[in-house]
Visitor: 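Pasting in a structure now, in structure tokens, and then I'll have a few things to ask.
Residue indices begin at 1 and follow the sequence shown. For ligands, and for the atoms within them, numbers begin at 1 and follow the listed sequence.
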Amino acid sequence: MRGTFDYLLSAQQTASVDVGSVLRIRFGGQRTLGVVTALAPTSDLDPAKLSQPDEVLDSAVTPELVALAEWMAHEYCSTTARALSLMIAPGAAQGAGAKRVLVAELTGAGRAALDAAPVGGRTAVRLTDRQRRLLQTLRQTGAAAASELGTDSLRRLAARGLVTLERRIRARRPSAHEIGAASATAPPLTPAQRTALGRVLESVKARPGAELLLHGVTASGKTEVYLGAVEAVLNAGRTAIVLVPEIALTPQTLWRFQSRFGDVVAVLHSALTQGQRRDEWFRLRTGEARVCVGPRSAVLAPLTDIGLIVVDEEHEGSYKHEGDPRYDARAVARWRAAHHGATLVLGSATPRPESVFALTRLRLPERVDGRPMPPVALLDMRSSHHPLHPETRMALADLRHAGGKAIMLLNRRGWSNFLTCRSCGRVWLCPNCEVALVLHRQGAFVACHHCGHRERVPDRCPDCASVSVARHGAGTERIEQELRDGLGTDTFGIFRLDADAPTLQARARTLQAFEAARSGVLVGTQMVAKGHDFPDVSLGVVIDADQTLRFPDFRAEERTFALVTQLAGRTGRGAVPSRVLVQTLAPEARSLRFAARHDADGFVADELTRRRALRYPPFSSLIRVVCSAQAEPDAGDAAARIHERIVADGATVLGPAPLFRLRGRFRSQVFVKATDREPAIEAVGRAVDAVAPAAAKRGVSVSVDVDPV
Ligand SMILES: [Zn+2]
Ligand SMILES: [Zn+2]
């Protein structure tokens, strides 16, 4: 719903309602939740026609979050209601409440009975062996959930006054939380870490704080700087948010923060159960927890008096939310930091050119262990017919001989990227998405990586009945098999890590197995280059490094540079000499040349020059409008009508251009490049508002993406 609506409060409700209060209301005949965005003594509407909220819930958001939602609605061409729906307590709409469980605790009489009854001895209080064990357990744990020990036995003990049973609220905590008190202490810092931390602490003391970019090579110890900054913020009685790019990296980061600060650290992410998320949200809201760690959505944590927001691996695309509103967590972090006068720290080994351009940069130029970056060689694949270059194969054979570990990165899952008929040239495409189906040999199916459509592997061409089907390109599954056939032995393991792994736990198991192995190769998509630390990897290989360059996207160079640099950062951390091999069809590409020289400054400077010339961010703002419909003309018409209506000074409007069909829907896109951001966002918002309602009647949906990734 768009806009705000008036409700009439009873006298009793007036006392308990404030901006941010969450109300159970009736809206258009339906029961739903409403959030109070403003209080007014009177309404322009007839009070007799106003409805009264049914109930005031105990899960109010802060007035700051209401203001943030209003900003997000405007900034991302969405509505305040949609933004607020991401901020209210998880499960509030379903009426989720705190969980109460029956808790057993030892009484004085119970303690006396234990002491008075040595094993086998005769005393006034008779205990069976099982009862004695129960009481002993309770003495050790203090209190425990009755269901875990046996409710019936406990009831009998309670009847004799030896234990108490009581219903209590019990926070549902994610399992990684079972750490309890803080135990770790800060290690000594390197001079570079001390300098960087000193600068961050200066900013934390000042209000408003600064916007800082911590540019540190992989393994330069950025997390220690974050920990030092969080400590200062907690000591000052304020709160902090620490964002990580992926759920898979949350447990590691959470563990590091929790072992330093204990229970004041909470976590928010979508892999928790709703009950856990709700309880963690309340711990943050009530101030019981004062540090929130998590991916993107944790930037909306209901904290007050925020003193620090950290965005680790700030270059990652996952900080962009793909649902409505299409917010960018880095921009939201900036807004909240400004609101609270907090310090913003973005950290990366490969920062975005726009961050280098806009923020004060702090440097961690060396690894904590002082080891140099490994040499990077570019291998020309233009005349190669094998997916692995001869030099790569040689390096792997040497590695197996000497015993050691390698990471191979290939950003393509499956066996081969597409299938064609050798007789008639048919290409196997997804029936919904107009993209090639990828062969997964394990499981014998071809799949669309956009919509998940699957078919059996074809044994003949449906068009010409030829049985000769060609498989092109190599994915992680095929490389894994190549390596297994050529190199794999009992002592030289081949491991694969990609999104084919069914769960986070399955991925964690693969990583643990690789870590525990004495030697072997880990093959995978870009997730192998993220966050994980293997001290003994001496060879890094990027297969098809320029694949990212073939996307028609102005960030292609940035991504390619980041990919190679991140892998180099994970290689050569041990004592063995090490190197990185980069297989490419474009050995002259700028991004690869800079990455091979470990020249991040040169790359960013060059990239900023290019973007200034082409008017790309940070020298402009981009806005993308996509219309999709069942029928091709409907999508195109709506896009054309929106295009006509976007009029703003300094804005170039491109399109409408058809996009490939996705999930059975035809799509058409309008692209706006604007030097003046605010008027362009407003012009797009007006154009969409004018066209979308009529288009919706014909089944056209319109989505607006400001700062698309
Ligand atoms: Zn054919
Ligand atoms: Zn598809």
Visitor: Aromatic ring centroids of H321 and Y76 under 6.0 Å?
Guide: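 No, the ring centres sit 6.0 Å or more apart.
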Visitor: Working to 10°, measure the angle at the Zn ion (ligand 1) formed by atom SG of C424 and atom SG of C421.
Guide: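 Seen from the Zn ion (ligand 1), SG and SG are separated by roughly 110°.
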Visitor: Are D498 and R496 ion-paired here, with the side-chain N under 4.0 Å from a carboxylate O?
Guide: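 Judged by the 4.0 Å cut-off on N to carboxylate O distance, D498 and R496 do form a salt bridge.
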Visitor: Restricting to under 2.8 Å, identify the protein N, O or S atoms around the Zn ion (ligand 2) as residue plus atom.
Guide: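 Within the sphere that stays under 2.8 Å of the Zn ion (ligand 2), the protein atoms of type N, O or S are C430 SG, C433 SG, C448 SG, C451 SG.
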Visitor: Got a donor-acceptor contact below 3.5 angstrom from the K405 side chain to the L522 backbone?
Guide: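 It does not hold such a pair.
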Visitor: Hey, are D634 and R665 close enough for a salt bridge, meaning a charged N less than 4.0 Å from a carboxylate O?
Guide: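 R665 and D634: not salt-bridged.
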Visitor: Applying side chain to side chain donor-acceptor pair (under 3.5 Å), name anything that partners R352, two or more places apart in sequence or on another chain.
Guide: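 Partners of R352 by the side chain to side chain donor-acceptor pair (under 3.5 Å) criterion, ordered by chain and then number, come out as E314, S355.
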Visitor: Taking NZ, NE, NH1 and NH2 as the nitrogens, is one of them in D328 or K320 under 4.0 Å from a carboxylate oxygen of the other?
Guide: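 Answer for the salt bridge query: no.
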